[in-house]
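Here the structure is laid out as structure tokens; the discussion comes afterwards.
Counting begins at 1 with the first residue of the sequence.
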Amino acid sequence: MEVKISNLVKRYGNSVILDHFSVEIQAGEVFGLLGPGGCGKTTVINCLLGLLKYDKGQIEVGGRELTLKNYALKKNIGIVPQNITVLNELTVYENVDYFCSLYIKDRQEREHGVREAIDFCRLNMVTDIYPRKLNQGLLRRLNMACGIAHKPELIIFDEPTIGTDAADREIILKGITQ
């Protein structure tokens with residue numbers, strides 16, 4: 001799903017965080033947004049997700065303008081955030097199922113997506129384990145499974161390998177580029 005961000009401006013008071021930021025990303029392209037801390041990467045992501053109102057500019061996803069209330073379009077976007085966002089009271093399987101249920105109500109369709117995400121992220125051996133018992137690499141892979149189970153057309157990763165060892169980093173990066 002293609003993304004076009006044109007002249008995006010975001011201010012916090014007198015501070016300009018994004019100053020006419022523009023980028024075009026083609027469908028199927030793996031695109032990395034790099035820069036030092038505090039340069040506006042997460043702000044771009046939050047604007048692209050429709051979580052943050054911006055002052056000026058336009059964001060199009062799949063040829064349609066993204067607005068704060070365009071829920072049909074937002075449904076096609078998956079997010080794997082920098083911070084682990086899982087529920088410690090649920091098992092690995094239950095976490096992936098819960099986050100998938102936010103998008104897919106049909107139980108059979110959802111179960112198929114959950115199983116595929118668990119397989120893809122190589123979590124089969126820990127489906128009945130609670131997140132607090134997982135190491136950082138498995139938590140990152142669980143975070144990824146939760147973000148992709150509903151099969152979004154656009155997936156946004158915010159620092160997906162932070163805190164992982166070489167083996168988990170390889171699994172995650174291979175998954176992103178497949």
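Taking the side chain as every heavy atom from C-beta outward, I5 and V44 approach each other to under 4.5 Å. I59 is listed as a side-chain neighbour of C47, based on a closest heavy-atom distance under 4.5 Å. Annotation: side chain of V86 is in contact with side chain of C146 (closest heavy-atom distance under 4.5 Å). Two residues are said to be in side-chain contact when any heavy atoms from C-beta on lie closer than 4.5 Å; E94 and E89 fail this criterion. Between T164 and I172 the shortest side-chain heavy-atom distance falls below 4.5 Å. You'll find the side chain of V3 stays beyond 4.5 Å of the side chain of E24, heavy atoms only. Looking only at side-chain heavy atoms (C-beta outward), N76 and R64 come within less than 4.5 Å of each other. Contact annotation: the side chain of R141 approaches that of L138 to within less than 4.5 Å [non-hydrogen atoms, C-beta and beyond].
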Run the side-chain contact (heavy atoms from CB on, under 4.5 Å) check on Q58 and E65 step by step: do they pass?
CA-CA 7 Å; Q58 184 175 12; E65 185 176 2; 3.9 Å; yes
Carefully, step by step, assess C100 and V114 under the rule side-chain contact (heavy atoms from CB on, under 4.5 Å).
CA-CA 7 Å; C100 190; V114 169; 4.0 Å; yes
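Using modelled atom types, no side-chain atom of N95 and backbone atom of L142 make a donor-acceptor pair closer than 3.5 Å. Distance alone, capped at 3.5 Å, places no donor-acceptor pair between the T91 side chain and the I129 backbone.
Defined by atom type and a distance below 3.5 Å, a donor-acceptor pair is missing between the side-chain atoms of H112 and Q108.
Geometrically, K56 does not engage Y54 in a cation-pi contact, judged by NZ or CZ lying under 6.0 Å from the ring centre and within 45° of the ring axis.
Salt bridge annotation for R140-D168: absent, with no cationic side-chain nitrogen under 4.0 angstrom from a carboxylate oxygen.
With rounding to the nearest 0.5 angstrom, the OG1 atom of T67 is 8.0 Å from the CG atom of L73.
More than 12 heavy-atom neighbours from other residues, nucleotides or ligands sit within 6.0 angstrom of CZ on R132. No more than 12 heavy atoms of other residues, nucleotides or ligands shown are found within 6.0 angstrom of CZ on R122.
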